[in-house]
Amino acid sequence: MEGDSVGWGIVGYGWVARDYMAPGIRAAGHRLVAVADPGEASRSAAEAEGARAHADIAGLIAEPEVEAVYVATPNHLHRAAVEALAASGKAILCEKPMAASLRDAEAMAASVTRAGIFYGTAFDQRHHPAHRAMRDCIREGRLGTVTAVRIVYACWLDRGWASFQGQDNWRIDPQQAGGGALIDLAPHGLDLCDFLLDESIEDIASLTQARAQDYAVDDGALLIGRTGSGVLANLHVAYNCPDVLPRRRLEVVGTTGMLTAVDTMGQTPGGRLTFTDGTSGGSENIAFDVEASPFLEQVRAFGSALRRPEERAAYSAERDLHTMRLLARAYGEALAPAA
């Protein structure tokens, strides 16, 4: 319906915004009105797609057609963007992690609460059709008592990677990113545990590595966690796994069965989901929409909640702040000296 179409702005037009979020906005029938980015190449790319481009956020905020704004800057710039947008009254969908530091994330949560605006962190993996199907199976009781979640989410990220030619790779700068593979990739897994299990991880510990890449942040991490009811979670995230290797796997294990999703974690649609029966050992494929990307579904969900406030209970700045606190504790464990 035309009345459901949302006018979007984007702050920070890097590869995720350009290659996934902007196409998701268009595919959902929404409009990308304007982009704010200090980079000339980024602004040119946005203008080529029909959006108005601004060098700073003030120009975007002044656009009356912009109702919702996707923040996709480097992590250390999230706070300033969110605080400015909250003060303007626009709805905000901010990329994960919330910020490069827990202190900034806490300030962001306070600003959106104070302004009373609609805020969400862009945990797009909540919206992958396979992961929604997994949650349905869990809620239906097909796994019995859930005992464990196991996640591998890895990629190859070398020093030379950049969104546009000539740009620096901010993801390997500890000041801009706040960390490495752990802070970049683990938020998805931590949030998926919450989404799939309907409860958050409460206890967490981790080990990091700087093993294969030549930069200052961690290129791999192992995290173990436990929910309040006792479900164990095991997450392996990495910047040091060649992309041609198997590197994206999500398993949920219970007393009567197991769900296994392969190649569903990431920005693209598709992958494979199977259920293995805990009595017979038989396996069956679980059907889901293999055409819809998690970004498309994320845009649809956020736009629907913007128009229908009763749907906003699915979004929580406080829940997302809890995830940031888990990340801070994980880094504290990883960096603590041995006893």
- Query: Step by step, would you call H131 with R126 a side chain to side chain donor-acceptor pair (under 3.5 Å)?
  - Reply: CA-CA 7 Å; H131 301 157; R126 284 178 163 251; over 6 Å; no

Output yes when D219 and R159 qualify as a salt bridge under the 4.0 Å nitrogen-oxygen rule, no when they do not. no

Contacts satisfying salt bridge (Lys or Arg N to Asp or Glu O under 4.0 Å) that involve residues 310-326 (not counting sequence neighbours) are E106-R325

Does R226 have more than 12 heavy atoms from other residues, nucleotides or ligands lying within 6.0 Å of its CZ?
no

Note: S206 and A330 closest approach over all heavy atoms is OG-O, 2.5 Å

So ring pair (Phe, Tyr, Trp, His ring centres under 6.0 Å) across residues 293-318, not counting sequence neighbours, yields W8-F302, Y20-F295, F118-F302, F118-Y315, F302-Y315

In this structure, CZ of R79 is separated from OG1 of T73 (nearest 0.5 Å) by 13.5 Å

With a 4.5 Å cut-off on side-chain heavy-atom distances among I, L, V, M, F, W and Y, is there a chain of contacts connecting F195 to M134? yes

| task | Please report the C-alpha distance between E67 and R307 in whole Å, then the side-chain angles of each, then the deciding distance to 0.1 Å, and finally whether the salt bridge (Lys or Arg N to Asp or Glu O under 4.0 Å) criterion is met. | result | CA-CA 11 Å; E67 304 170 83; R307 295 284 184 257; 2.9 Å; yes

ask   = Run the salt bridge (Lys or Arg N to Asp or Glu O under 4.0 Å) check on R31 and E63 step by step: do they pass?
value = CA-CA 13 Å; R31 294 164 289 119; E63 294 267 7; over 6 Å; no

- Item | R247 with D263: basic N within carboxylate O range, under 4.0 Å | no

*Without swapping roles, check the side chain of T256 against the backbone of R142 for a donor-acceptor pair under 3.5 Å.*
yes

Are V231 and M258 linked, directly or through intermediate hydrophobic residues, by side-chain heavy-atom contacts shorter than 4.5 Å (ILVMFWY only)?
no

Does V217 form a side chain to side chain contact (heavy atoms under 4.5 Å, CB included) with D184? I'd like the steps, not just the answer.
CA-CA 11 Å; V217 297; D184 187 30; over 6 Å; no

Using a 3.5 Å distance criterion without hydrogens, assess whether the side chain of Q125 forms a donor-acceptor pair with backbone atoms of G266.
yes

Next item on the list: Is it possible for you to say whether V71 and F123 belong to one hydrophobic cluster, with membership spreading through side-chain heavy-atom contacts below 4.5 Å?
Entry: no

> Around atom CD of E291, are there more than 12 heavy atoms of other residues, nucleotides or ligands at under 6.0 Å?
Replying inline: no

Item to check | Expected output: side-chain K90 to main-chain V66 donor-acceptor under 3.5 Å | outcome: yes

Can you confirm whether F288 sits close enough to R132 that some side-chain heavy atom of one is under 4.5 Å from a side-chain heavy atom of the other?
no

dist L157:CG -> I172:CD1 (nearest 0.5 Å) comes out at 7.0 Å

Discussion item. Within the 4.5 Å heavy-atom criterion, are V35 and R43 side-chain neighbours or not?
Written reply: no

For A109 and L321, the nearest pair of non-hydrogen atoms, with its separation, is CB-CD2, 4.0 Å

In this structure, NE2 of H236 is separated from CD1 of I224 (nearest 0.5 Å) by 14.0 Å

Note: C137 and L259 closest approach over all heavy atoms is CB-CD1, 3.8 Å

Between the CG atom in D289 and the NE2 atom in H128, the distance rounded to the nearest 0.5 Å is 9.5 Å

With side chains defined as the heavy atoms from C-beta onward, is the minimum distance between L93 and Q298 less than 4.5 Å? yes

Would a 4.5 Å heavy-atom cut-off, applied to side chains only, mark L85 and I61 as touching?
yes

Tightest non-hydrogen contact, residues D19 and P23, listed as O-CG, 3.4 Å

SB check R171 E95 (cutoff 4.0 Å)
no

Ring pair (Phe, Tyr, Trp, His ring centres under 6.0 Å) pairs touching residues 47-92, sequence neighbours excluded, are none

Notebook entry, point to check: So do the side chains of I25 and E49 get within less than 4.5 Å of each other, counting heavy atoms only?
Noted result: no

So does K96 get a backbone contact from the side chain of T121, meaning a donor-acceptor N/O pair under 3.5 Å? no

Between A68 and V6, the two heavy atoms sitting closest are CB-CG1, 4.0 Å

| request: Compare all side-chain heavy atoms of T323 with those of I201 and state whether any distance is below 4.5 angstrom. | output: no

_Using side chain to side chain contact (heavy atoms under 4.5 Å, CB included), reason through I286 and E284 one step at a time and then give a plain yes or no._
CA-CA 6 Å; I286 303 295; E284 65 175 279; 4.1 Å; yes

Given 3.5 Å as the limit, does a donor-acceptor pair link the side chain of D218 with the main chain of A181, or not? yes

Task: W156-M265 co-clustered via ILVMFWY side chain contacts under 4.5 Å - done: no

_Side-chain heavy atoms nearer than 4.5 Å, only ILVMFWY residues, links allowed to pass through others: does that put L197 and Y153 together?_
yes

**Report entry** Heavy-atom side-chain contact between M98 and D104 under 4.5 Å
**Finding:** no

Check: Is the number of heavy atoms from other residues, nucleotides or ligands under 6.0 Å of D168 CG greater than 12?
Finding: no

Between S111 and V82, does a side chain to side chain contact (heavy atoms under 4.5 Å, CB included) hold up when you go through it step by step?
CA-CA 8 Å; S111 71; V82 167; 4.1 Å; yes

Take L182 and L327 through the test side chain to side chain contact (heavy atoms under 4.5 Å, CB included) and record every step on the way to the result.
CA-CA 8 Å; L182 193 160; L327 292 169; 3.7 Å; yes

CG (D191) and CG (D124) are apart, to the nearest 0.5 Å, by 9.5 Å

- Message: Please evaluate residues N240 and Q209 with respect to the criterion side chain to side chain donor-acceptor pair (under 3.5 Å), reporting the C-alpha separation (whole Å), side-chain torsions for both, the decisive distance (0.1 Å), and the verdict.
- Response: CA-CA 10 Å; N240 54 30; Q209 66 182 166; 3.0 Å; yes

Next on the checklist: Are the side chains of C155 and Y239 in contact, using a 4.5 Å heavy-atom criterion?
Outcome noted: yes

**OP:** Taking atom CD of E202 as the centre, report whether more than 12 heavy atoms of other residues, nucleotides or ligands fall under 6.0 Å from it.
**Re:** yes

**E65 side chain vs V33 backbone, donor-acceptor pair below 3.5 Å** = no

Distance col, row L190:CG vs M324:CE, nearest 0.5 angstrom, shows 11.0 Å

Sorted by chain and residue number, the side-chain contact (heavy atoms from CB on, under 4.5 Å) partners of A177 (sequence neighbours excluded) come out as N75, W170

| task | Indicate yes or no for a side-chain donor-acceptor contact from T260 to the backbone of T274 under 3.5 Å, with no hydrogens or angles considered. | result | no

Sequence neighbours excluded, the answer for side chain to side chain donor-acceptor pair (under 3.5 Å) partners of D198 is R139

Return yes when atom CD1 of I138 has more than 12 non-hydrogen atoms of other residues, nucleotides or ligands closer than 6.0 Å, and no otherwise. yes

By side chain to side chain donor-acceptor pair (under 3.5 Å), R300 pairs with (sequence neighbours left out) E297

Minimal heavy-atom distance between E83 and A107, with the atoms involved, is OE2-CB, 3.9 Å

